[in-house]
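Residue numbers begin at 1 in each chain, while the letters A, B, ... track the order of the sequences.
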2 protein chains.
Amino acid sequence: MLDLKKLHYFITVANEASVTNAAKKLNMTQPPLSHQIKVLEKELGVELMHKVGRNIELTSAGAILHEQGKEILESINILEKKLQDVHNGTAGILSIGSATSWGAPFLSEQVSIFNERYPQVQFRFYDDMQHSILSLLEKRVVDLSIVFPPFNHKLYNYIAMPKEPLIAVMRKKWDTAPLKKTTTFEELADRPLIINMKAEEHLTAYYKNSEIKPNIVCVHDDVRSMLLLAKTGLGIALIPKAANWVKYEENDMVYKIVDRPTSQINPHIIWLKKYKLSNVADKFLKLIMAE
Amino acid sequence: MLDLKKLHYFITVANEASVTNAAKKLNMTQPPLSHQIKVLEKELGVELMHKVGRNIELTSAGAILHEQGKEILESINILEKKLQDVHNGTAGILSIGSATSWGAPFLSEQVSIFNERYPQVQFRFYDDMQHSILSLLEKRVVDLSIVFPPFNHKLYNYIAMPKEPLIAVMRKKWDTAPLKKTTTFEELADRPLIINMKAEEHLTAYYKNSEIKPNIVCVHDDVRSMLLLAKTGLGIALIPKAANWVKYEENDMVYKIVDRPTSQINPHIIWLKKYKLSNVADKFLKLIMAE
DNA sequence: CCGTGTTACGTATTGCGTAACTATA
DNA sequence: TATAGTTACGCAATACGTAACACGG
């Protein structure tokens, strides 16, 4: 097997067209360098250079090794640098699962900052139901996931993200109190609601001991679809404030914060305890915690 | 600098996903292999793999090194093989100068055989005047040249190729003796001749002490042009028999051997004594001498 | 002879195997 | 307790420097 050290020696000699000068560049004495070239020739079973008068001249094999060898050394240098970057978490792929499209928006800002600082990191988001996302973690397809409680605290490490209020998105015709900027579950109870599955559980729990039954007209896990449905006038969409990047530029739409702590949703970033985090993921989490 | 031996170790371990199995494949014991991987990690400053339970698992940096490292090792293997071939003279470039297009035809058969046997060798022909060709040899642009005597026997090694008769190519109208298959300089003397520069010297020498003066209508160094001129009926082209690959498929053309030993031309392959021949050139010469 | 590259030899480093140890399922 | 990987140590091979040699302009 070719030895890169000797290859490097040879290429330096070929560049300098002189063993003595090459030895200086390599911070070594001339005789062992000369010897190493001979050894390299023996190892390859090939003449690489020979003295012609006082100078040195490459054979055709030597010329080929000179050209291609340079490329190989170069590609190895690039590879080494890449490895360092990946190791430092400043390059590579960061895969994040998010429990339905409800999750991703909470990270959009941090992703943006991280990308600006480490443009060599590629993000990959996997949207799915919460239980599927957990299995993606288990299969190590994703490094991190954004989920909503409850989840098993024994299996996962987690960071709780800032709580996020729900907002109610509706056409004006559904707005029974146009002067108020907020609303409540009680106010909303009799009007048609468009909610996601998680919120359905919330509401069911919330109204458990009450006589009021919410009027759920549609359950959908995709925020954009929910907003579209709201826009058609089907009902009132309850979505996390952070997910409200799709603002319909129409006067006819009304956005109200649902004014009740229990209505806030509580995204968590989780990852498996039993596996060591990738370095990129680690670096990303540090960024999040620094905020 | 990355060490290819260790890289090879690492890749084997990564392929096997086991140090023990890899050690078997590498015909070594397991502990030093494990140790070398650790050393490699230290040299790179990067974690490549870690135990997870009883098994081993690549880090993302390790996965990258696995992929790219394989490619690098592969390209090095290919390079090594190529170097062997070039060294054996079974691959590479063989540059041959030929003193005008008169030269190349003498080698066409050998070139063809050589190419069939060693298809990785590329031939490059350089056609020019004899003195230019000699300077191409001196500049080491070409390895070998085909020339015609005289040349300096002290500077060049040479192989004399079989002597080659001239043939006279003419339209029927110039054929004064249709029954004879050969002709002579005397017969041709009064008819218009199309010859090359070398032949001009020959003829001048030949007729030096004679009263006959040859009727030279055109001097041209390119065989194909000479044949074309003959075909137009301008005169009689004198060309080496070997160069007669351009046969005009017309009944109106006549081809006659010039029947006189002195009219034979005498191609030589020459190369510089003071430089060592390239291995391809050497191999090619061996082929020629074997015939 | 001066500036090349080569040969010869002693020393420090590296790399392997064996043996003892550690950890996980 | 069996089967993986790790640590410890001694010996053999390798690569370097120094010194002496060879050769061409």
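The nearest whole Å value for the distance from the CD1 atom in Ile37(B) to the P atom in dC16(C) is 11 Å. Taking atom CD of residue Glu43(A) and atom C1' of nucleotide dA13(D), one finds them 13 Å apart after rounding to whole Å. Met49(B) places its CE atom 10 Å from the P atom of dG5(D), with the value rounded to the nearest Å. The nearest whole Å value for the distance from the CG atom in Leu33(A) to the C1' atom in dG17(D) is 13 Å. Summarising the geometry, the separation between NE2 on His35(B) and C1' on dT18(C) is reported as 15 Å, rounded to the nearest angstrom. Between the CG atom of Asp3(A) and the P atom of dG15(C) there is a distance of 10 Å, given to the nearest Å. Protein atom CG of Leu48(A) is 16 Å distant from nucleotide atom C1' of dG5(C), rounded to whole Å. In this structure, Gln30(B) atom CD and dG5(D) atom P are separated by 6 Å, rounded to whole Å.
Of the possible polar contacts, none joining the Asn266(B) side chain to the Lys163(B) backbone as a donor-acceptor pair under 3.5 Å is found. In this structure a side-chain-to-backbone donor-acceptor pair under 3.5 Å is missing from Ser112(B) to Ser108(B). Judged by distance alone, the side chain of Glu41(B) and the main-chain N or O of Met49(B) form a donor-acceptor pair under 3.5 Å.
Nearest-nucleotide mapping onto DNA chain D: of Lys38(B) and Met28(A), the residue sitting toward the 5' end is Lys38(B). Both Lys6(A) and Pro32(B) lie close to DNA chain D; mapped to their nearest nucleotides by heavy-atom distance, the more 5′-ward contact belongs to Pro32(B). Comparing Tyr9(B) and Asn55(A), the nucleotide of DNA chain C nearest to each residue sits closer to the 5' end for Asn55(A).
Using a 3.5 Å distance cut-off with no hydrogens or angles, the side chains of Ser98(A) and Asp127(A) do pair a donor with an acceptor.
The residue Gln36(B) sits close only to the backbone: its heavy atoms come under 4.0 Å of sugar-phosphate atoms, none of a base. Within 4.0 Å of Thr20(A), counting heavy atoms only, lie sugar-phosphate atoms of the nucleic acid but no base atom.
With distances taken from any side-chain atom of Ile56(B) to the nucleotides dC16(C), dT6(D), dG5(D), the minimum falls on dG5(D). Which of dA19(D), dA19(C), dG5(D) sits closest to the side chain of Ser18(B) comes down to dG5(D). Listed nucleotides dG17(D), dT6(D), dA15(D) differ in distance to Lys5(A); the shortest reach to its side chain belongs to dA15(D).
Taking 4.5 Å as the limit, every side-chain heavy atom of His8(A) sits out of range of all side-chain heavy atoms of Leu4(A).
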